[in-house]
Amino acid sequence: MPYTTGAVLNPASGLNHVDRIQIACLNDSITIPINITLQVFHFRGAALSRVAVGQALFQINPQQLIVQTYTVNLADYYEAQINFYSAVNTIVNIFALDAAGNILDRILQPELTYFDRISVIST
């Protein structure tokens, strides 16, 4: 089940400028491990071209929380894409942090947009 934040504005400066995002992935199952794919993108410049910042594929054991951190301080916009392969006991939330680690914004799982597939990253 792939989901995206869509393009999220990162103000160029000031109190609302996001330095990094943390993606918290929780497996609430008591018996079944889950697999998750994360992809994070920057959009920068006049053309707002999409640039891959990070990608991760990992397994989360039952009752385990894994947090991944990605720097987005240079991005005009950023996007996180998540695929948790139909796992029903998965909770994913994204937190936007400033340089001091204060939470500026959060995108909770119900606010994510379902879409047909995660983007292909060229290597």
Side-chain angles (χ1 to χ4, degrees):
M1 296 173 22
Y3 290 89
T4 180
T5 59
V8 179
L9 176 66
N10 186 12
S13 61
L15 297 175
N16 294 322
H17 179 72
V18 177
D19 182 68
R20 61 194 178 278
I21 60 172
Q22 287 190 334
I23 303 174
C25 307
L26 173 64
N27 180 357
D28 199 43
S29 171
I30 58 171
T31 58
I32 301 170
I34 58 172
N35 294 314
I36 289 189
T37 298
L38 299 178
Q39 293 187 165
V40 176
F41 300 95
H42 282 182
F43 297 87
R44 294 185 60 200
L48 293 174
S49 299
R50 176 185 272 164
V51 176
V53 178
Q55 179 180 24
L57 171 62
F58 51 91
Q59 185 174 77
I60 304 176
N61 294 319
Q63 297 296 300
Q64 183 181 19
L65 172 70
I66 291 182
V67 179
Q68 298 281 314
T69 302
Y70 298 92
T71 300
V72 296
N73 63 338
L74 298 177
D76 297 318
Y77 290 81
Y78 61 88
E79 175 189 19
Q81 295 181 1
I82 301 107
N83 192 345
F84 44 89
Y85 307 99
S86 301
V88 295
N89 295 312
T90 307
I91 300 123
V92 177
N93 296 308
I94 296 115
F95 300 92
L97 308 173
D98 65 12
N102 300 307
I103 296 174
L104 299 175
D105 194 13
R106 64 182 185 192
I107 301 170
L108 303 178
Q109 185 167 322
E111 299 171 300
L112 298 173
T113 301
Y114 176 79
F115 67 134
D116 64 339
R117 63 178 176 79
I118 59 175
S119 297
V120 176
I121 296 179
S122 60
T123 56

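By convention here, the first residue in the shown sequence is residue 1. Reckoned from all heavy atoms, side chains included, excluding hydrogens, waters and symmetry mates.
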Participant: Could you tell me which non-hydrogen atom of C25 sits nearest to which non-hydrogen atom of I60, and how far apart they are?
Facilitator: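 Result for this residue pair: CB-CD1, 3.4 Å.
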Participant: Less than 4.5 Å apart, any side-chain heavy atom of I36 and any of T90?
Facilitator: yes
Participant: Answer whether the closest heavy-atom distance between the side chains of N73 and H17 falls below 4.5 Å.
Facilitator: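 N73 reaches H17 side chain to side chain.
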Participant: Do I94 and T5 have side chains that approach each other closer than 4.5 Å (heavy atoms only, starting at C-beta)?
Facilitator: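 I94 vs T5: side chains touch.
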Participant: Tell me, do I107 and V8 make a side-chain contact under 4.5 Å, heavy atoms counted?
Facilitator: yes
Participant: Just wondering, more than 12 heavy atoms not from L57 lying within 6.0 Å of its CG?
Facilitator: yes
Participant: Within the structure provided, determine whether V40 and E79 are in side-chain contact (heavy-atom separation under 4.5 Å).
Facilitator: no
Participant: Side chains of I32 and N89, heavy atoms from C-beta outward: is any pair under 4.5 Å?
Facilitator: no
Participant: If you define the side chain from C-beta out and look only at heavy atoms, does anything of L97 sit under 4.5 Å from L104?
Facilitator: no
Participant: Start with the C-alpha distance between L112 and T4, add both sets of side-chain angles, then the distance that settles side chain to side chain contact (heavy atoms under 4.5 Å, CB included), and finish with yes or no.
Facilitator: CA-CA 6 Å; L112 298 173; T4 180; over 6 Å; no
Participant: If you take all heavy atoms of V18 and N10, which pair is closest and at what distance?
Facilitator: N-OD1, 2.7 Å
Participant: What class does the angle between the rings of Y114 and Y3 fall in, given that below 30° is parallel, 30 to 60° is tilted and above 60° is perpendicular?
Facilitator: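 Correct class here is perpendicular.
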Participant: Work out which heavy atom in V72 is nearest to a heavy atom in H42; give both atom names and the distance.
Facilitator: CA-NE2, 3.3 Å
Participant: Measure the CD-CZ distance between Q81 and F115 for me, rounded to the nearest 0.5 Å.
Facilitator: 3.5 Å
Participant: Are L26 and Y70 connected in a single hydrophobic cluster, I mean Ile/Leu/Val/Met/Phe/Trp/Tyr linked by side-chain heavy atoms less than 4.5 Å apart?
Facilitator: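 Result: no, two separate clusters.
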Participant: Any side-chain to backbone donor/acceptor pair from D98 onto G101? Under 3.5 Å, distance only.
Facilitator: yes
Participant: Does the side chain of F84 reach to within under 4.5 Å of the side chain of N35, using non-hydrogen atoms?
Facilitator: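 The answer is no; the side chains never approach within 4.5 Å.
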Participant: So, for F95 and R106, which heavy atoms are closest and what is the spacing to 0.1 Å?
Facilitator: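 For F95 and R106, the tightest heavy-atom pair comes out as CD2-CB, 3.7 Å.
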Participant: Where do Q109 and I91 come nearest, in terms of heavy atoms and distance?
Facilitator: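 Scanning both residues, the minimum pair turns out to be OE1-CA, 3.0 Å.
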Participant: According to a 4.5 Å side-chain heavy-atom criterion applied to Ile, Leu, Val, Met, Phe, Trp and Tyr, with indirect links allowed, do F58 and I23 form part of one hydrophobic cluster?
Facilitator: yes
Participant: Are the side chain of Q63 and the backbone of S29 linked by a donor-acceptor contact shorter than 3.5 Å?
Facilitator: yes
Participant: Could you measure the distance from the CG atom of D76 to the CG atom of L74? Nearest 0.5 Å is fine.
Facilitator: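 Nearest 0.5 Å value for the CG-CG distance: 9.5 Å.
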Participant: For F41, does the six-membered ring have the charged nitrogen or CZ of R50 within the cation-pi criterion, i.e. under 6.0 angstrom from the centroid and within 45° of the normal?
Facilitator: yes
Participant: Indicate whether any N or O donor in one side chain lies under 3.5 Å from an N or O acceptor in the other, for T37 and Y85.
Facilitator: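 The answer is yes; a qualifying pair exists.
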Participant: Look up atom CG in L38 and atom CD1 in I66, then write down how far apart they are to the nearest 0.5 Å.
Facilitator: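 Going from the CG atom of L38 to the CD1 atom of I66 covers 9.5 Å.
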Participant: Which pair of heavy atoms, one from R20 and one from T71, lies closest together, and at what distance?
Facilitator: CB-CA, 4.0 Å
Participant: Report whether V51 and Y78 are members of the same hydrophobic cluster (ILVMFWY, side-chain heavy atoms less than 4.5 Å apart, transitive linking).
Facilitator: no
